[in-house]
Amino acid sequence: PAAFGQLRKIIRFMKKRADACPANFKSAYLLLCAGWMVYKHKTQEALRYYQEAEKEAETYNQLNILSVIHQRRAELYQQEGMQELSLYYAAQAYQTNELWGASAVNQQLLQRFPGFRPAETRRDTNDAHNPLSTTTHTTALDLQSILKALENGWNSFEGLLSGSSGHSTR
């Protein structure tokens, strides 16, 4: 489909941005690559990209991107029938969302992962060794978000990022 051609353009665009400014774009680029590998049924490569993306997001304190990474890993492990790992990453996503105040996303996690119990795996946010804080204000775009936007009429990546000018009038 045409959306996949656009998606490849977006990944190339993000690669250029990631090369120019890794602190702002590398984790998002790696997240997109992981999503592409999931789509292509290359689980091991996807997991490698998720791991690299997680490292970058933690390095630059990008909590919202880190949360998406954890959630996508949980979904992948769920698809693969690895329930324990799926619940572990759902817990990681939940904890990260708590740190930056994404309670609505956490409600969705509770619905999506019925065996998940957040109180059992809660991270101590006062831990001095916790690399995460609540000061991140970046926008997380992953493969699923971009595909959904393209399907709903967004016709340019710049418009998708700005949230205003990229929507087609169909």
Side-chain angles (χ1 to χ4, degrees), residues 1-100 102 105-106 108-109 112-116 118 120-123 127 129-133 136-151 157 160-161:
F4 294 117
Q6 283 235 339
L7 182 59
R8 283 191 291 269
K9 287 180 186 177
I10 291 168
I11 290 174
R12 283 192 299 271
F13 174 83
M14 287 299 290
K15 171 72 169 127
K16 290 177 186 175
R17 296 286 181 151
D19 288 344
C21 188
N24 289 340
F25 296 102
K26 191 171 182 182
S27 59
Y29 163 72
L30 293 167
L31 179 58
L32 286 171
C33 290
W36 185 249
M37 291 298 112
V38 169
Y39 170 76
K40 293 175 79 175
H41 304 288
K42 295 183 177 185
T43 303
Q44 292 305 314
E45 289 181 49
L47 291 172
R48 183 179 56 81
Y49 277 115
Y50 282 133
Q51 186 173 4
E52 288 180 49
E54 180 179 9
K55 179 183 170 206
E56 289 296 318
E58 285 178 346
T59 297
Y60 296 109
N61 203 29
Q62 298 165 324
L63 295 180
N64 53 346
I65 294 175
L66 186 59
S67 173
V68 173
I69 293 165
H70 292 318
Q71 183 176 337
R72 297 295 179 243
R73 284 175 100 170
E75 291 167 354
L76 177 59
Y77 283 123
Q78 189 177 50
Q79 271 182 315
E80 297 290 322
M82 302 170 115
Q83 189 66 13
E84 191 172 317
L85 282 170
S86 175
L87 294 177
Y88 171 80
Y89 282 104
Q92 295 300 306
Y94 191 95
Q95 292 163 2
T96 305
N97 287 331
E98 279 190 331
L99 291 173
W100 71 285
V105 176
N106 277 345
Q108 292 172 351
L109 280 173
R112 190 171 293 143
F113 299 96
F116 170 58
E120 296 172 4
T121 56
R122 186 176 217 147
R123 173 182 279 168
D127 183 356
H129 301 290
N130 183 351
L132 306 174
S133 74
T136 301
H137 299 288
T138 59
T139 302
L141 292 174
D142 68 319
L143 182 68
Q144 281 184 307
S145 302
I146 291 172
L147 281 175
K148 186 171 186 169
L150 290 171
E151 289 170 0
F157 186 56
L160 181 60
L161 286 176

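Bear in mind the structure is a predicted one, so any value in this text is a computation, not a measurement.
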[atom2] on [Y] to [atom1] on [X], rounded to 0.5 Å:
X    : Y   : atom1 : atom2 : result
L30  : M14 : CG    : CE    : 9.5 Å
W100 : L66 : CH2   : CG    : 11.0 Å
L31  : W36 : CG    : CH2   : 14.5 Å
I69  : N64 : CD1   : CG    : 9.5 Å
K26  : I65 : NZ    : CD1   : 13.5 Å
E58  : S27 : CD    : OG    : 10.5 Å

Residue pair C33 / I11: nearest heavy atoms and the distance that separates them: SG-CG2, 4.4 Å
Closest heavy-atom pair and its distance - L109, A93: CD1-CB, 3.8 Å
Listed partners of Y77 passing ring pair (Phe, Tyr, Trp, His ring centres under 6.0 Å), at least two apart: Y89
Residue pair N24 / C21, side-chain heavy-atom distance below 4.5 Å: yes
Contact check, side chains of K16 and R12, non-hydrogen atoms, under 4.5 Å: no
Contacts of K15 that satisfy side-chain hydrogen bond (donor to acceptor under 3.5 Å, both in side chains) - sequence neighbours left out: D19
With sequence neighbours excluded, residues passing side-chain hydrogen bond (donor to acceptor under 3.5 Å, both in side chains) with Q71: E75
Does [Y] offer a backbone N or O that forms a donor-acceptor pair with the side chain of [X] under 3.5 Å?
X    : Y   : answer
N106 : Y94 : yes
S86  : M82 : no
S67  : L63 : no

Residues R73, E54; criterion side-chain contact (heavy atoms from CB on, under 4.5 Å); working and verdict: CA-CA 10 Å; R73 284 175 100 170; E54 180 179 9; 2.5 Å; yes
Would you tabulate the side-chain donor-acceptor contacts of residues 41-51 under 3.5 Å, counting partners in other chains and residues two or more places apart, or write 'none'?
unit_1 : atom_1 : unit_2 : atom_2 : d
T43    : OG1    : E80    : OE2    : 3.3
R48    : NH1    : E52    : OE2    : 2.7

Under the side chain to side chain contact (heavy atoms under 4.5 Å, CB included) test, residues paired with Q79 that sit two or more places apart: V38, L76
